[in-house]
Protein chains: 2
Amino acid sequence: MAQATIRDVAREAEVSVASVSRALNGAENIRADTRARVVAAAEKLGYVPHAGARSLSMARAHAIGVVLPDLHGEFFSEIVRGMDKEASARGFHLLLSNMHADLNDAVHALRAMRGRVDGLVVMAPHLDAAELMRNMPQNVPAVLVNCRADQGTPALLVDNVGGADTMVRHLLGTGRRAIAHVTGPSGNLDAEERLAGFRLSMRRHAGVDDPLVLPGDFSEEAGAAATRALIAGGQRVDAIFAANDMMAIGCMLALREAGVSVPEQIAVAGFDDIPVARYLHLTTMRVPIAGIGALAVTRLTDQLSGRGNPAATELHAPELEVRATTTAHKKEGRTRT
Amino acid sequence: MAQATIRDVAREAEVSVASVSRALNGAENIRADTRARVVAAAEKLGYVPHAGARSLSMARAHAIGVVLPDLHGEFFSEIVRGMDKEASARGFHLLLSNMHADLNDAVHALRAMRGRVDGLVVMAPHLDAAELMRNMPQNVPAVLVNCRADQGTPALLVDNVGGADTMVRHLLGTGRRAIAHVTGPSGNLDAEERLAGFRLSMRRHAGVDDPLVLPGDFSEEAGAAATRALIAGGQRVDAIFAANDMMAIGCMLALREAGVSVPEQIAVAGFDDIPVARYLHLTTMRVPIAGIGALAVTRLTDQLSGRGNPAATELHAPELEVRATTTAHKKEGRTRT
DNA sequence: CTGTTAGCGCTTTCAT
DNA sequence: ATGAAAGCGCTAACAG
């Protein structure tokens with residue numbers, strides 16, 4: 001036997017469907033005993049409201065769409081965790097759509113969500129958000145995270161430039177002078193901003209106009225490759241600042257291979273503070289990933305309920321997390337390997 | 001102006017809504033020029049089909065619900081990644097619902113998905129699946145992952161007993177005899193099975209009937225605490241087998257604190273092979289997490305389309321991943337810290 | 001090939 | 001307090 005519908009319940013309770021709806025949704029204008037009868041009937045039939053029909057009729061899906069780029073593991077789980085926590089606290093579901101490379105995919109993903117969600121959280125550091133918004137279903141509120149934001153659309157950004165500057169100053173402060181930067185993939189907003197911050201800071205605080213920059217792509221392998229190239233090229237550096245933690249880890253692996261000690265000979269720093277960074281004692285800039293996810297959902301749901309000003313861009317400053325890969329100070333024991 | 005509906009497009013193209021539907025859904029019985037006119041009108045109005053209405057009318061949501069326990073970061077992202085990949089390849093969305101502790105939450109989460117999804121993937125190692133299924137919306141196909149499966153329901157399981165046995169034999173094979181096990185939370189299926197496998201294997205292969213078992217809860221802190229207790233108690237062991245990687249990491253931290261060398265004095269092993277395990281050179285049992293997620297979705301969608309036999313339980317054997325925390329053989333350089 | 005129409009399951013006026 | 005009926009936006013017979 002198929003799932004019971006509201007009509008089955010109505011028949012069973014010998015009332016109209018309207019009364020069932022009222023009874024089950026806690027309306028006031030219904031007699032207590034009528035409600036009881038309805039509840040009993042629903043219970044008996046194992047009735048569960050059809051959320052799809054409900055949202056069509058109410059024009060409210062109680063779901064928010066999440067469109068993400070192909071994120072690395074820990075970053076992904078952290079941001080989704082943050083969103084999920086906030087969403088379920090507010091009675092919303094999360095409809096996921098990891099998207100891949102190009103704008104077309106993204107647009108497709110967005111369109112597929114129309115009529116399923118009340119709003120969107122879009123993270124697309126590698127795309128033109130303006131172009132994206134243009135192809136977005138109209139009238140669907142959205143919060144952009146780490147996007148090349150058009151002004152006017154609510155957006156959450158990480159202060160990558162400031163973060164890179166902080167890191168450079170930390171490295172300079174520990175006596176490093178020849179600092180190389182390994183970049184993220186070209187076209188990626190975070191990568192570009194971190195690079196810009198690095199350049200700016202090196203010029204301003206170290207008087208270096210043309211610091212060493214190695215191309216990368218946020219993957220561990222790219223970090224290792226860049227480091228090997230650096231060593232093979234005989235470049236003399238005393239610090240490597242990678243645009244994210246995964247690459248920094250790659251750098252460390254390559255340095256170990258080459259017998260270069262960290263941080264004695266070369267200091268290594270990353271960006272993001274993914275959980276694994278802590279175990280590897282990697283100095284990095286902590287980005288409150290889960291917090292940003294939660295905040296994006298908060299802003300979106302506030303916007304949906306009319307509350308909260310759809311205040312435009314909000315900037316989040318990452319925090320410097322100093323660990324052993326840039327300071328020899330505290331010698332720690334090591335798990336032998 | 002609100003989003004255009006199919007009627008707006010019909011009016012614009014001067015055809016009936018049926019024709020619009022046909023044109024946009026690639027039906028055959030429609031003249032090419034009519035279709036062109038419809039497509040043009042849709043384009044002009046920026047029409048995007050309302051997925052909610054569509055699924056109500058077709059009785060097909062093209063979405064699958066995912067109900068997960070509160071998983072640790074890497075495990076979570078891996079399994080969701082596996083599901084997402086498979087789901088989007090098959091034109092399905094993922095509706096997420098991380099659930100917390102009790103059965104009530106889980107039931108609530110499940111009911112909230114009725115009418116939004118075509119099927120469910122449920123992972124609930126800490127709950128009674130039978131009880132859960134009873135409270136599940138009827139007629140909604142489901143695949144259970146790591147659940148106390150009722151026979152009859154499609155299920156995916158990890159061979160925890162066999163995995164634990166493999167690990168114990170590996171440890172015995174490297175000359176360890178006094179092996180302690182740190183368990184997961186009580187009531188958790190994986191935890192219980194791993195413990196059972198440990199006991200069984202110790203009895204069978206080491207002739208130990210009552211091996212040392214320390215209670216834990218899958219968290220890093222629990223691993224550290226158990227280890228500290230072990231040391232404080234003056235117990236003499238030469239290996240610690242933690243029921244998951246996070247706890248194994250906690251063990252290693254506590255051992256380092258206490259100045260105990262790994263693996264010389266005490267070997268450490270975990271279970272799961274989360275990515276961080278690799279960096280820490282932790283010996284562990286590799287569970288193909290993403291693969292299981294993908295497979296769950298595959299089985300579910302096959303079931304939805306009538307394809308594939310809803311074959312009941314499927315068991316996946318984890319693989320032993322030997323690394324440095326159990327073998328002193330290959331000395332590796334270390335990133336200084 | 002195209003249009004008319006009856007739902008999908010629910011909420012919500014509008015009467016009563 | 002309750003019921004009848006009109007949609008929400010779309011698909012799918014059923015007629016032409």
Side-chain angles (χ1 to χ4, degrees), chain A residues 2-38 41-42 45-63 111-118 137-140, chain B residues 2-38 41-42 45-63 111-118 137-140:
Chain A
Q3 255 294 353
T5 75
I6 197 173
R7 306 173 60 126
D8 299 321
V9 178
R11 191 177 313 119
E12 177 74 25
E14 299 179 295
V15 297
S16 70
V17 294
S19 289
V20 175
S21 177
R22 286 191 272 255
L24 265 28
N25 292 308
E28 286 307 315
N29 49 346
I30 183 156
R31 255 170 36 206
D33 66 322
T34 309
R35 165 170 293 145
R37 208 140 36 90
V38 170
L45 300 180
Y47 171 69
V48 180
H50 187 292
R54 200 146 193 273
S55 73
L56 179 59
S57 139
M58 300 202 302
R60 217 72 163 67
H62 287 288
R111 296 172 64 110
M113 288 194 163
R114 131 102 170 145
R116 298 173 167 292
V117 302
D118 300 322
Q138 305 157 8
N139 294 35
V140 177
Chain B
Q3 255 294 354
T5 76
I6 197 174
R7 307 174 59 126
D8 299 321
V9 178
R11 192 177 313 121
E12 177 73 25
E14 298 179 296
V15 297
S16 70
V17 294
S19 290
V20 175
S21 178
R22 285 191 273 255
L24 265 28
N25 291 310
E28 286 306 314
N29 51 346
I30 184 157
R31 255 170 36 206
D33 66 321
T34 310
R35 165 171 293 145
R37 209 140 37 92
V38 169
L45 299 181
Y47 171 70
V48 180
H50 188 290
R54 199 146 193 273
S55 73
L56 179 58
S57 148
M58 300 201 302
R60 215 75 163 60
H62 287 288
R111 297 173 63 108
M113 287 193 164
R114 132 104 169 143
R116 300 172 165 291
V117 302
D118 300 322
Q138 306 157 7
N139 294 36
V140 177

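Letters A, B, ... are given to chains in the order of the sequence lines, protein chains preceding strands, and every chain is numbered from 1. Model, not experiment: these values are computed from the prediction.
Smallest separation of non-hydrogen atoms from Leu56(A) and Leu56(B): CD2-CD2, 3.3 Å. Of all heavy-atom pairs between Arg60(A) and Asp118(A), the closest is NH1-OD2, 3.2 Å.
Under a 3.5 Å cut-off, the side chain of Arg114(B) and the backbone N or O of Tyr47(A) do not form any donor-acceptor pair. Side chain of Arg35(B) to main chain of Ala27(B): a donor-acceptor pair is present (N/O by atom type, distance under 3.5 Å, no hydrogens or angles). Of the possible polar contacts, none joining the Arg22(A) side chain to the Ile30(A) backbone as a donor-acceptor pair under 3.5 Å is found.
Atom CG of Asn29(A) and atom P of dC14(C) are 15 Å apart (whole Å). Regarding Met58(B), its CE atom lies at a distance of 9 Å from the C1' atom of dC10(D), rounded to whole Å. Rounded to whole Å, the distance from CG on Leu56(B) to C1' on dC10(C) is 8 Å. One interatomic measurement links the two molecules: CG of Leu24(B) to P of dC10(D), which rounds to 10 Å at whole-angstrom precision. Note: CZ (Arg60(B)) to C1' (dG7(C)) measures 19 Å, nearest angstrom. Across the protein-nucleic acid pair, Ile6(A) atom CD1 and dT12(C) atom P stand 11 Å apart, rounded to whole Å. Spacing between atom CD1 of Ile30(A) and atom P of dA1(D) amounts to 9 Å, rounded to whole angstrom units. To the nearest angstrom, P of dT11(C) lies 14 Å from CZ of Arg7(A).
At the phosphate of dT11(C), OP1 or OP2 sits under 4.0 Å from a side-chain N or O atom of Arg54(A). Proximity of Ser21(B) to the phosphate of dT11(D): a side-chain N or O atom is located under 4.0 Å from OP1 or OP2. Residue Ser19(A) has no polar side-chain atom (N or O) positioned under 4.0 Å from OP1 or OP2 of dA1(D). The side chain of Ser16(A) places an N or O atom within less than 4.0 Å of a non-bridging phosphate oxygen (OP1 or OP2) of dG3(D).
With hydrogens and angles left out, the side chain of Arg22(B) and the base of dG3(C) share a donor-acceptor pair within 3.5 Å.
Proximity note for Thr34(A) (side chain, C-beta onward) versus dT11(D), dT2(D), dC10(C): the nearest is dT2(D). Among the nucleotides dC10(C), dT11(D), dA12(D), the one closest to the side chain of Ala18(B) is dA12(D). Listed nucleotides dC1(C), dA5(D), dA1(D) differ in distance to Arg31(A); the shortest reach to its side chain belongs to dA1(D).
Thr5(B) comes within 4.0 angstrom of sugar-phosphate atoms only, judged by non-hydrogen atoms across all strands, and of no base. Counting non-hydrogen atoms under 4.0 angstrom, Ala59(B) reaches nothing in the nucleic acid. Looking at heavy-atom distances under 4.0 Å, Val20(A) makes no contact with the nucleic acid at all. Within the nucleic acid shown, Ser55(A) has no heavy atom closer than 4.0 Å to any nucleic acid atom.
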